[in-house]
Amino acid sequence: MTAELGEVVVAATDIEKYFGANHVLRGVTLEVRKHETIVLIGRSGSGKTTMLRCLNFLEEPTVGTVSIGDITVHADPLRARTRAHKEQIRRLRLQAGMVFQEFNLFPHMTVLQNCIEAPTRVRGMAKAQAVELAESYLEKVRLIDKRDEYPARLSGGQKQRAAIARALTNEPKVMMFDEPTSALDPELVGEVLQVMEDLAHEGSTMVVVSHELSFCREAAARILFMEDGVIVEEGTPEAILEAPQDERTRQFLRRFTA
């Protein structure tokens with residue numbers, strides 16, 4: 001059971017995104033509250049990963065506004081290279097932990113060194129404090145016994161759990177996951193999903209792009225189904241997975257039950 005939902009942590013308003021003439025996001029608006037896990041689902045190309053990347057400005061929206069915590073950034077591609085705009089984006093990103101499809105661990109650093117690099121270098125945290133924090137999160141993801149191993153000696157599931165611990169060590173206001181199990185062998189998917197379910201049940205604030213409907217059922221407070229760059233339908237896992245109202249949602253879900 002997750003903690004009671006609190007204030008809005010993430011707010012995105014009227015997000016539009018063009019790649020050249022390709023209109024990928026079409027006025028998407030969403031909110032995520034403290035302790036809430038939302039999952040974006042949809043076909044490949046529906047805009048869900050682009051939306052996630054726009055939330056922390058890994059992709060600069062063409063139009064729209066994003067707030068995480070008390071940091072707000074207005075999309076302004078014409079100012080994208082200015083120092084002030086870059087600084088505002090940097091401050092926004094500090095509020096969010098990102099876990100990608102690929103693990104992106106530094107290969108020349110141990111698991112522990114990967115976890116403490118950003119807190120010490122970017123946030124200025126004392127090394128002893130960062131180590132203590134990192135070890136607590138490595139315990140949480142059941143990887144403390146690998147703290148001194150290098151990524152090359154880890155399985156895919158272990159690498160992804162290390163990436164989760166690394167993101168958590170920055171103590172972000174929201175965790176963002178972009179298809180975190182898609183690069184894993186099937187037998188390793190469960191160990192990563194279990195860690196994510198634990199985080200959700202403990203009250204972490206999370207935005208997840210995933211096709212794992214079992215995770216949606218177990219961990220999501222809300223599911224948002226995207227198609228053609230818009231949120232077509234949203235609701236509880238029961239409402240979306242058991243009784244979707246929109247035919248496009250029903251068609252998408254049939255592929256998992258056929």
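No experiment lies behind these values; they were computed from the predicted model shown.
When each of Val28, Thr29, Thr65 is checked for a side chain to side chain contact (heavy atoms under 4.5 Å, CB included) with Asp14, only Thr29 meets the rule. Under the side chain to side chain donor-acceptor pair (under 3.5 Å) test applied with His211, the options Arg255, Glu179, Arg43 reduce to a single match, Glu179.
Judged as a side chain to side chain donor-acceptor pair (under 3.5 Å), the pairs with a partner in residues 133-146 (not counting sequence neighbours) are, in order, Glu135-Arg147, Lys140-Glu202, Arg142-Asp198. Among pairs with a residue in residues 221-249, those fulfilling ring-ring contact (aromatic ring centres under 6.0 Å, His included) read Phe225-Phe252, at least two apart in sequence or across chains.
With sequence neighbours excluded, the residues satisfying side-chain contact (heavy atoms from CB on, under 4.5 Å) with Lys159 are Phe103, Leu105, Leu154. Contacts of Glu59 classified as side-chain hydrogen bond (donor to acceptor under 3.5 Å, both in side chains), with partners at least two apart in sequence or in another chain: none. In this view, Gln88 and Ile71, Val73, Arg91 satisfy the side-chain contact (heavy atoms from CB on, under 4.5 Å) rule, not counting sequence neighbours. Residues forming a side-chain contact (heavy atoms from CB on, under 4.5 Å) with Ala134 (at least two apart in sequence, or on another chain): Leu112, Cys115, Ile116, Thr169. Here Arg121 pairs with Glu117 under the side-chain hydrogen bond (donor to acceptor under 3.5 Å, both in side chains) rule; sequence neighbours left out. Glu187 meets the side-chain contact (heavy atoms from CB on, under 4.5 Å) test with Asp185; sequence neighbours excluded. For Glu191, the side-chain hydrogen bond (donor to acceptor under 3.5 Å, both in side chains) partners at least two apart in sequence or on another chain are Arg161. Residues satisfying the salt bridge (charged side-chain N to carboxylate O under 4.0 Å, His left out) test with Asp246, not counting sequence neighbours, are Arg248.
Side-chain contacts under 4.5 Å among hydrophobic residues (ILVMFWY), followed directly or transitively, place Val63 with no other residue at all. Within the hydrophobic cluster formed by Ile, Leu, Val, Met, Phe, Trp and Tyr side chains joined at under 4.5 Å, directly or through other members, Phe106 is accompanied by Met109.
Counting non-hydrogen atoms of neighbouring residues, nucleotides and ligands closer than 6.0 angstrom, the CD atom of Glu132 reaches no more than 12 such neighbours.
Remark: the backbone N or O of Ala221 is not paired with any side-chain donor or acceptor of Glu36 at under 3.5 angstrom. No side-chain donor-acceptor contact under 3.5 Å links Thr13 to the backbone of Gly64. Put simply, the side chain of Lys17 gets close to the backbone of Glu60: a donor and an acceptor are under 3.5 Å apart. Counting only distance, with no hydrogens or angles, the side chain of Arg217 and the backbone of Pro237 share no donor-acceptor pair below 3.5 Å.
In this structure, a donor-acceptor pair under 3.5 Å is absent between the side chains of Glu218 and His201.
Note that the CD atom of Glu87 and the CG atom of Leu92 stand 11.5 Å from one another [nearest 0.5 Å]. In this structure, CE on Met206 lies 5.5 Å from CG on Leu199, to the nearest 0.5 angstrom. With values rounded to the nearest 0.5 angstrom, Glu234 atom CD is found 11.5 Å from Ile41 atom CD1.
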